[in-house]
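Note: hydrogens, waters and symmetry copies are ignored here, and every other heavy atom, side chains too, is used.
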Amino acid sequence: MENNAAMRWAWPFKPRVSDDRNGENNHYSTGDACPDFLCVGAQKGGTSWLYHQLDFHPDFWMPPIKELHYFDTLSRVKRRKPPRYKDERDQWFLARLVELSALSYIDLGNYSQLFAPKAGLLSGDITPAYSTLNDELIEKVVRYFPNLKVIFLARDPVERAWSQLSMDVRVQNIAAFDATNPDEVICNLLSPGVLLRSYPSKMVGRWRRHVRPDLFRVYFFDDLKTNPAGFRRSILSFLGADPDKLSGRLNADYNAQAGIEKLRLTDKVRSRVAQFFEQELKACAAELGGPAKHWPARYGFSLLIFVLQLMDDFDLLFWCDWIA
């Protein structure tokens, strides 16, 4: 890991450097304290499922808060659920997070020390909002943590956006609207809070530009629905944990939000939302592969024309390079 003073940087404007990386009260501090992984999204893509599976797995110590939001809002977020309190490690973590969040800049060294309570276990930060980070910030985080593993849980943009709208109405982030009116639905889709999180091909592309291929994985919500045990095994293996160990009493298909009511999606609105995301559905099919290859067909879109267009664009670029 590079020298902390050299890597300390300001966000968004002026640099400031702390004299003490660990702090006098950091009695958990070790030289190896750092997150082992980030799960950077997508929102409504299965990140709560992942947190619960890891939180109860004996190979992990997870923070008492699922979403730290350190890199997107300096942890100044309104939390709907109280933090977990298991032992003094949780209390220590929460106190240190408050101190860290009071700073006006991102401090990667002391962020790293938040994970000191893990000791010899695995730990990480599951914050879907990190999917919206810009290239500069991603590059700095990855440079500071060169062995950091990154996970992205991708979901069909139509299903994901509808799930987010349902949640936003439920928790009163947005006003209730007529979910049977396509125009009102599209109006809500255009809000920045929804739109910025609705293009997995672009979000994955930003992270892929900076994370080594062997440290980056895209998983699909489709697989969580059809084969949760295999889905769980694949993620645990990638993170370096034992997939044969149980996550407490949780089954692989455990869903803490199974009984939560969602907005009813009519066929008319579904078709309109699919048209809104047509190009993104095709981009996901071409760039993410896996189950995403079948997303356009769900809504009657042909991928062939899109792929041919990509080939034409590639040929044009190749020709321009050749004549140059």
Side-chain angles (χ1 to χ4, degrees), residues 39-50 72 126-134 150-170 173-174 177 179-209 216-226 231 255 257 260 262-307 309-310:
C39 176
V40 300
Q43 185 188 48
K44 312 309 294 180
T47 57
S48 294
W49 171 91
L50 179 62
D72 62 305
I126 300 176
T127 302
Y130 294 167
S131 63
T132 65
L133 299 183
N134 61 44
V150 179
I151 289 175
F152 185 88
L153 306 180
R155 186 176 183 181
D156 175 334
V158 175
E159 295 180 355
R160 195 220 66 81
W162 193 254
S163 183
Q164 182 182 351
L165 289 179
S166 296
M167 179 189 71
D168 285 346
V169 170
R170 184 173 67 250
N173 282 344
I174 61 175
F177 62 93
T180 66
N181 185 326
D183 292 332
E184 288 195 33
V185 171
I186 297 301
C187 182
N188 280 280
L189 287 180
L190 289 171
S191 68
V194 178
L195 206 61
L196 286 174
R197 300 167 185 258
S198 295
Y199 292 84
S201 69
K202 294 178 174 58
M203 295 185 288
V204 168
R206 280 197 299 272
W207 280 92
R208 273 182 172 165
R209 281 196 288 272
F216 186 80
R217 290 289 187 279
V218 177
Y219 295 94
F220 293 91
F221 189 80
D222 310 60
D223 294 327
L224 173 58
K225 291 194 298 184
T226 59
F231 189 75
N255 182 1
Q257 300 179 333
I260 294 179
K262 296 183 179 180
L263 299 176
R264 188 174 72 87
L265 180 59
T266 66
D267 290 341
K268 182 179 180 180
V269 169
R270 182 177 183 269
S271 177
R272 180 73 177 275
V273 175
Q275 291 173 14
F276 183 87
F277 286 119
E278 179 178 356
Q279 293 306 309
E280 176 59 15
L281 288 162
K282 293 175 179 178
C284 289
E287 298 172 25
L288 303 186
K293 292 186 293 186
H294 307 293
W295 291 350
R298 292 177 179 175
Y299 309 101
F301 302 138
S302 171
L303 186 60
L304 179 59
I305 296 176
F306 182 78
V307 172
Q309 181 62 51
L310 284 178

Partners meeting side chain to side chain contact (heavy atoms under 4.5 Å, CB included) with [X] (sequence neighbours left out):
X	value
Thr127	Glu67, Leu68, His69, Asp72, Asp125, Ala129, Tyr130
Glu159	Arg155, Asp156, Lys225, Arg298, Tyr299
Ser201	Glu280, Ala283, Cys284, Glu287

Identify the two heavy atoms, one from [X] and one from [Y], that lie closest to each other, and give their separation to 0.1 Å.
X	Y	result
Phe177	Glu184	CB-OE1, 3.4 Å
Ala154	Leu288	CB-CD1, 4.3 Å
Phe220	Gly290	CE1-CA, 4.2 Å
Leu196	Thr132	O-CG2, 3.8 Å
Val185	Ala179	CG2-O, 3.8 Å
Leu281	Pro157	CD2-CD, 3.6 Å

*Set of ring pair (Phe, Tyr, Trp, His ring centres under 6.0 Å) partners for Trp49, sequence neighbours left out*: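 Scan of Trp49 (ring pair (Phe, Tyr, Trp, His ring centres under 6.0 Å), adjacent residues dropped) gives Phe231.
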Review point. With Phe277, which residues qualify under ring pair (Phe, Tyr, Trp, His ring centres under 6.0 Å), at least two apart?
Key: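 Phe277: ring pair (Phe, Tyr, Trp, His ring centres under 6.0 Å) contacts with Tyr199.
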Straight-line distance of [X] [atom1] to [Y] [atom2], nearest 0.5 Å:
X	Y	atom1	atom2	value
Asn255	Ile260	CG	CD1	8.0 Å
Ile126	Cys39	CD1	SG	5.5 Å
Asn173	Met167	CG	CE	6.5 Å
Phe276	Leu195	CZ	CG	5.5 Å

- Message: Would Leu224 and Leu153 count as a side chain to side chain contact (heavy atoms under 4.5 Å, CB included) here? Give the steps.
- Response: CA-CA 10 Å; Leu224 173 58; Leu153 306 180; over 6 Å; no
Next item on the list: Give every residue pair that meets the side chain to side chain donor-acceptor pair (under 3.5 Å) criterion with at least one member in residues 189-198, sequence neighbours excluded.
Entry: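 Of all non-adjacent pairs touching residues 189-198, those that pass side chain to side chain donor-acceptor pair (under 3.5 Å) are Arg160-Ser198.
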Could you pull out all residues at least two apart from [X] that satisfy side-chain hydrogen bond (donor to acceptor under 3.5 Å, both in side chains)?
X	answer
Trp207	none
Asn188	none
Ser163	none
Thr47	Lys66

Could you tell me if the side chain of Asp222 sits less than 4.5 Å from the side chain of Trp295, heavy atoms only?
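Yes; the side chains approach each other to less than 4.5 Å.
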query = Less than 4.5 Å apart, any side-chain heavy atom of Val40 and any of Met203?
reply =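 Not touching, per the 4.5 Å side-chain cut-off.
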Please lay out, stage by stage, how Gln257 and Lys262 fare under the test side chain to side chain contact (heavy atoms under 4.5 Å, CB included). CA-CA 10 Å; Gln257 300 179 333; Lys262 296 183 179 180; over 6 Å; no
If you look only at distance, which donor and acceptor atoms sit under 3.5 Å apart when one is on a side chain in residues 264-273 and the other is two or more places apart or in another chain?
| unit_1 | atom_1 | unit_2 | atom_2 | d |
| --- | --- | --- | --- | --- |
| Thr266 | OG1 | Val269 | N | 3.2 |
| Arg272 | NH1 | Asp183 | OD1 | 3.2 |
| Arg272 | NH2 | Asp183 | OD1 | 3.3 |

